[in-house]
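Heads up, the thing below is written out as structure tokens.
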Amino acid sequence: MPEPLTPDRLLALDRRHVWHPYGPMPGREAPLAVESAAGVRLRLAEPVAGHRELVDGMSSWWSAVHGYNHPVLNEAARGQLDRVSHVMFGGLTHEPAVRLAKRLVDVTPEGLEHVFLADSGSVSVEVAVKMCLQYWRSVGRPAKRRLLTWRGGYHGDTWTPMSVCDPDGGMHHLWSGLLPRQVFAPAPPPGFDAAPDPEYAGRLRALVAEHADELAAVIVEPVVQGAGGMRFHSPAYLRVLREACDEHGVLLILDEIATGFGRTGTFFASEHAGISPDVLCVGKALTGGYLTMAATLCSTEVARGISEGEVPVLAHGPTFMANPLAAAVADASIGLLLSQDWAGEVKRIGAGLREGLAAAEGAPGVRDVRVLGAIGVVQLDREVDVAAATRAAVGHGVWLRPFRDMVYTMPPYVTGDEDVARIGAAVCAAARAGVGA
Ligand SMILES: *Cc1c(COP(=O)(O)O)cnc(C)c1O
């Protein structure tokens with residue numbers, strides 16, 4: 001092991017050489033250095049605001065559903081490490097990949113039979129789109145190569161996913177002239193429990209019908225739009241999309257990278273609507289936050305179309321495709337989830353967040369407070385002062401990462417009641433600080 005860096009040296013080197021997400025170089029704010037993590041606590045290299053440990057309110061961007069340093073996942077990684085940590089997937093296969101693929105077919109909505117293991121969520125979306133475009137090409141409809149989505153979405157940061165992210169609010173409007181031009185419906189009316197708006201449903205249907213000849217697929221995040229604005233919508237609109245796609249010969253891609261594995265209260269968010277997509281993307285919590293891996297699943301119809309086409313292969317194959325370490329941990333993570341009352345835990349956390357966030361309701365600068373599954377959101381009426389909000393949360397011993405007009409949390413499912421209450425208080429404090437109060 002190399003000599004550990006002193007905290008000062010670490011931060012100086014970080015500032016000089018290391019790019020952080022969505023930031024300039026060098027970064028505007030000094031990041032907090034994490035030394036280790038266990039359960040729901042991140043241990044810092046040195047105390048900040050009197051806290052050496054922070055309760056993680058972010059699950060490392062929706063992924064660490066079991067918390068950190070979990071013995072079952074550690075064991076899965078260690079066991080695989082001693083066998084083989086990586087081997088190419090072209091012409092070779094291995095038990096972790098096969099087990100994981102079978103597991104994914106078993107737990108995902110009906111009709112998804114084939115699994116492409118990718119190395120990140122964005123890549124799984126690229127693969128999903130490539131599958132759909134190639135399907136239509138293969139069956140003699142090459143003009144069907146555009147995508148339809150609704151505004152307010154987020155599907156990743158590589159090129160094709162960027163083209164279906166929210167064109168205004170998103171992080172990618174800089175490239176709007178260069179990206180493929182997709183078809184956008186208005187953002188779905190807000191509210192998971194809100195009665196579906198027949199006029200909006202009609203508009204969705206009409207847009208699919210109008211563009212059917214050029215549409216390869218509709219792609220949306222079901223029920224919760226995550227990084228595009230943390231908005232919830234009625235599952236009824238997903239049924240509308242499913243029907244419209246079936247009626248007009250358009251494929252349906254559901255991006256469950258954020259919502260998958262229980263986060264919204266059902267194992268997959270599409271279960272709220274009782275529908276199956278033709279193509280499904282999963283990622284983030286797939287490996288319990290241990291390693292980078294995502295997957296694209298598709299129906300036999302899509303797989304057959306591609307494989308009997310003019311170029312009868314799916315031309316995609318990441319170097320680290322089906323990485324055995326990641327696959328072994330992913331299989332263990334899904335097994336661990338299924339071995340417990342995950343739905344009860346998600347419900348318990350949701351109830352705790354509802355109670356904790358109630359204090360923000362009607363507070364100055366607060367536009368909306370909402371909770372679904374184990375997701376809690378306080379939306380402000382202005383851009384949040386991220387530095388002030390983060391400081392306030394850290395002052396409460398909690399790690400949050402607010403963005404745009406949002407202070408939000410999606411804690412690990414293993415977060416105890418006291419820690420959920422602490423996160424709730426921290427979100428409220430961060431929202432107060434974030435409006436400049
Ligand atoms: C995070 C996310 C992605 C992108 O996944 P990466 O692993 O960051 O590439 C795509 N879609 C949704 C819904 C996401 O939340």
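Computed from a predicted structure; not experimentally measured. Numbering of residues begins at 1 and proceeds along the displayed sequence. Just so you know, ligand 1 is whichever comes first in the structure, and atom 1 is the first atom listed for that ligand.
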request  = Please check if the side chain of S339 supplies one atom and the backbone of L336 the other of a donor-acceptor pair under 3.5 Å.
outcome  = yes

key: Ligand-side contact atoms (ligand 1) for residue partner E221, heavy atom cut-off under 4.0 Å   = 13 (C)

task = Go through ligand 1 atom by atom and flag the ones less than 4.0 Å from a non-hydrogen atom of D255.
result = 10 (C), 11 (N), 12 (C), 13 (C)

ask   = At what distance is the nearest protein heavy atom to atom 1 (C) of ligand 1, and which residue and atom is it?
value = K284 NZ, 1.4 Å

inquiry  = Show the atoms of ligand 1 that are less than 4.0 angstrom away from any heavy atom in G156.
reply    = 4 (C), 10 (C)

message = Around atom CZ of R348, are there more than 12 heavy atoms from other residues, nucleotides or ligands closer than 6.0 Å?
response = yes

ask   = What are the atoms of ligand 1, with element, lying closer than 4.0 Å to any heavy atom of S120?
value = 7 (O), 9 (O)

message = Tell me if the centroids of the rings in W62 and F261 come within less than 6.0 Å of each other.
response = no

request  = Please step through ring-ring contact (aromatic ring centres under 6.0 Å, His included) for the pair F403 and Y22, ending with a clear verdict.
outcome  = CA-CA 11 Å; F403 78 114; Y22 309 112; 9.0 Å; no

ask   = Taking heavy atoms and a distance under 4.0 Å, where does Y154 meet ligand 1: side chain, backbone, both or neither?
value = both

query = Which of the atoms in ligand 1, numbered in the order shown and given with their element, are less than 4.0 Å from a heavy-atom of H155?
reply = 10 (C), 11 (N)

inquiry  = With respect to G121, determine whether any N or O atom, backbone or side chain, lies less than 3.5 Å from an N or O atom of ligand 1.
reply    = yes

ask   = Which residues satisfy the side-chain contact (heavy atoms from CB on, under 4.5 Å) test with S307, sequence neighbours excluded?
value = none

task = Under the side chain to side chain donor-acceptor pair (under 3.5 Å) rule, collect the residues that match up with Q80, sequence neighbours excluded.
result = R83

remark   = atom 8 (O) of ligand 1: closest protein heavy atom, distance to 0.1 Å, is S122 OG, 4.4 Å

